[in-house]
Amino acid sequence: MSQLQRITIAPSQLQQEQVLLTTQQKHYLKRVLRLREGDRFIVMDGLGKWWLARLTEEQAQVLEELAVKTELPVAITLMIALPKGSGFDEVVRSCTELGVACIAPVLSDRTLLNPSSQKLERWRRIASEAAEQSERAFVPTILEPVAFSDAVNNVTATYRYICEARGEYVHLKNVLTDISGEIVIAIGPEGGWTDRELEEATTLSFQPVSLGGRILRAVTAPLVALSLISAACEG
């Protein structure tokens, strides 16, 4: 199915073996992708289900549900302090490709970015596009940015780690044994977490871990962490 084009729909658009396409989706399929009536494509609901569909004159007909095995066996939430500039766009795109389930932007003591609602919409659109490109069954959830304290206090996952560049901490790869279910990995901003933030997280059962001996950029560290986790889970 890799040669077929893919689009993401809202679950409510699937009704009685029909896909109720929006005007924008029709334009994309017919004008941008140059699909014609009768051509097949893949529909994803962003919640784990894929269908093979055929374009009709006005909508699309569902032909069959597809079995997809592109998701990691664990659900990773990336808790990340918003980097400066447009760096978060690339974090969303790349981490979606690497299999993240949820991205939770946080406003840390050293956060310089104060995002608008338009930014959140843009990040969610990037995640949807990246999920289609990488043939994922799920579109990651992009949460609204919240204060660091609120974020760490709302974590329920058993496995929770906070990455710290300086200090003698165990390497992340050495703690990724026999993990299952949900895992939360927290990545700091430019300049790293403050002592207060690190102390608060460890009080809430976050284990400080290292990503190696080098100081990584705020947009590089999440890619290293996600790569290590996916390698451990899929290896």
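This one's a predicted model, so the numbers in the text were calculated from it and none came from an experiment.
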Evaluate the side-chain proximity of [Y] to [X]: yes if any heavy-atom separation is below 4.5 Å, no if none is.
X: Asp39; Y: Gln5; value: no
X: Asp109; Y: Phe148; value: no
X: Ile9; Y: Met44; value: no
X: Val106; Y: Leu82; value: no
X: Leu29; Y: Phe41; value: yes
X: Leu21; Y: Ile7; value: yes
X: Gln59; Y: Lys26; value: yes
X: Leu66; Y: Ile42; value: yes

Nearest-0.5 Å distance that lies between atom [atom1] in [X] and atom [atom2] in [Y]:
X: Ile142; Y: Leu120; atom1: CD1; atom2: CG; answer: 8.0 Å
X: Lys173; Y: Ile229; atom1: NZ; atom2: CD1; answer: 14.0 Å
X: Ile185; Y: Leu176; atom1: CD1; atom2: CG; answer: 7.5 Å
X: Arg40; Y: Leu63; atom1: CZ; atom2: CG; answer: 7.0 Å
X: Asp195; Y: Glu199; atom1: CG; atom2: CD; answer: 8.5 Å
X: Glu97; Y: Leu226; atom1: CD; atom2: CG; answer: 11.0 Å

Answer yes or no: are there more than 12 heavy-atom neighbours, outside [X] itself, under 6.0 Å from its atom [atom1]?
X: Lys30; atom1: NZ; answer: yes
X: Gln24; atom1: CD; answer: no
X: Arg124; atom1: CZ; answer: yes

Any side-chain donor paired with an acceptor under 3.5 Å for [X] and [Y]?
X: Thr158; Y: Glu182; value: no
X: Thr8; Y: Glu132; value: yes
X: Glu234; Y: Ser230; value: no
X: Gln13; Y: Gln25; value: yes

Donor-acceptor pair, side chain of [X] and main chain of [Y], under 3.5 angstrom:
X: Arg110; Y: Pro189; value: no
X: Thr70; Y: Glu135; value: yes
X: Asn153; Y: Asp150; value: no
X: Glu65; Y: Trp50; value: no
X: Arg54; Y: Ala60; value: no
X: Arg136; Y: Thr96; value: yes
X: Glu197; Y: Thr194; value: yes
X: Thr220; Y: Leu216; value: no

Subject >> Glu190/Lys84 salt bridge by N-O under 4.0 Å criterion >> reply: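 Answer for the salt bridge query: no.
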
Original post:
Any ion pair linking Glu121 and Arg125 (charged N to carboxylate O, less than 4.0 Å)?
Top reply: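 Between Glu121 and Arg125 there is no salt bridge, as every charged N stays at least 4.0 Å from the carboxylate O atoms.
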
**OP:** Would you check, one step at a time, whether the test side chain to side chain donor-acceptor pair (under 3.5 Å) holds for Ser149 with Glu200?
**Re:** CA-CA 8 Å; Ser149 294; Glu200 182 175 12; 3.0 Å; yes

Of the non-hydrogen atoms in [X] and [Y], which two are nearest, and what is the gap between them?
X: Leu223; Y: Ser94; answer: CD2-CB, 3.3 Å
X: Val100; Y: Ile76; answer: CG2-O, 3.4 Å
X: Ala221; Y: Leu211; answer: O-CD1, 3.6 Å
X: Tyr169; Y: Ser210; answer: O-CB, 3.6 Å
X: Val155; Y: Arg160; answer: O-NH2, 3.4 Å
X: Val219; Y: Gly87; answer: CG1-O, 3.6 Å

**OP:** I would like to know whether Asp45 and Leu14 meet side chain to side chain contact (heavy atoms under 4.5 Å, CB included); could you show each step before the answer?
**Re:** CA-CA 9 Å; Asp45 68 354; Leu14 190 68; over 6 Å; no

**OP:** Any chance you could lay out the side chain to side chain contact (heavy atoms under 4.5 Å, CB included) test for Ile103 and Ile80, step after step, and finish with the verdict?
**Re:** CA-CA 7 Å; Ile103 299 179; Ile80 177 169; 4.1 Å; yes

Are [Y] and [X] linked, directly or through intermediate hydrophobic residues, by side-chain heavy-atom contacts shorter than 4.5 Å (ILVMFWY only)?
X: Val92; Y: Leu107; answer: yes
X: Val209; Y: Phe206; answer: no
X: Ile179; Y: Val170; answer: yes
X: Val139; Y: Leu78; answer: no
X: Val224; Y: Val74; answer: yes

**OP:** Could you check whether the rings of Phe88 and Trp123 sit parallel, tilted or perpendicular, using 30° and 60° as the cut-offs?
**Re:** perpendicular

**OP:** Determine, stepwise, if the pair Met79 / Ile187 fulfils side chain to side chain contact (heavy atoms under 4.5 Å, CB included).
**Re:** CA-CA 6 Å; Met79 184 183 296; Ile187 305 287; over 6 Å; no

**OP:** Walk me through it: do Val184 and Tyr161 pass the test side chain to side chain contact (heavy atoms under 4.5 Å, CB included)?
**Re:** CA-CA 6 Å; Val184 175; Tyr161 306 102; over 6 Å; no

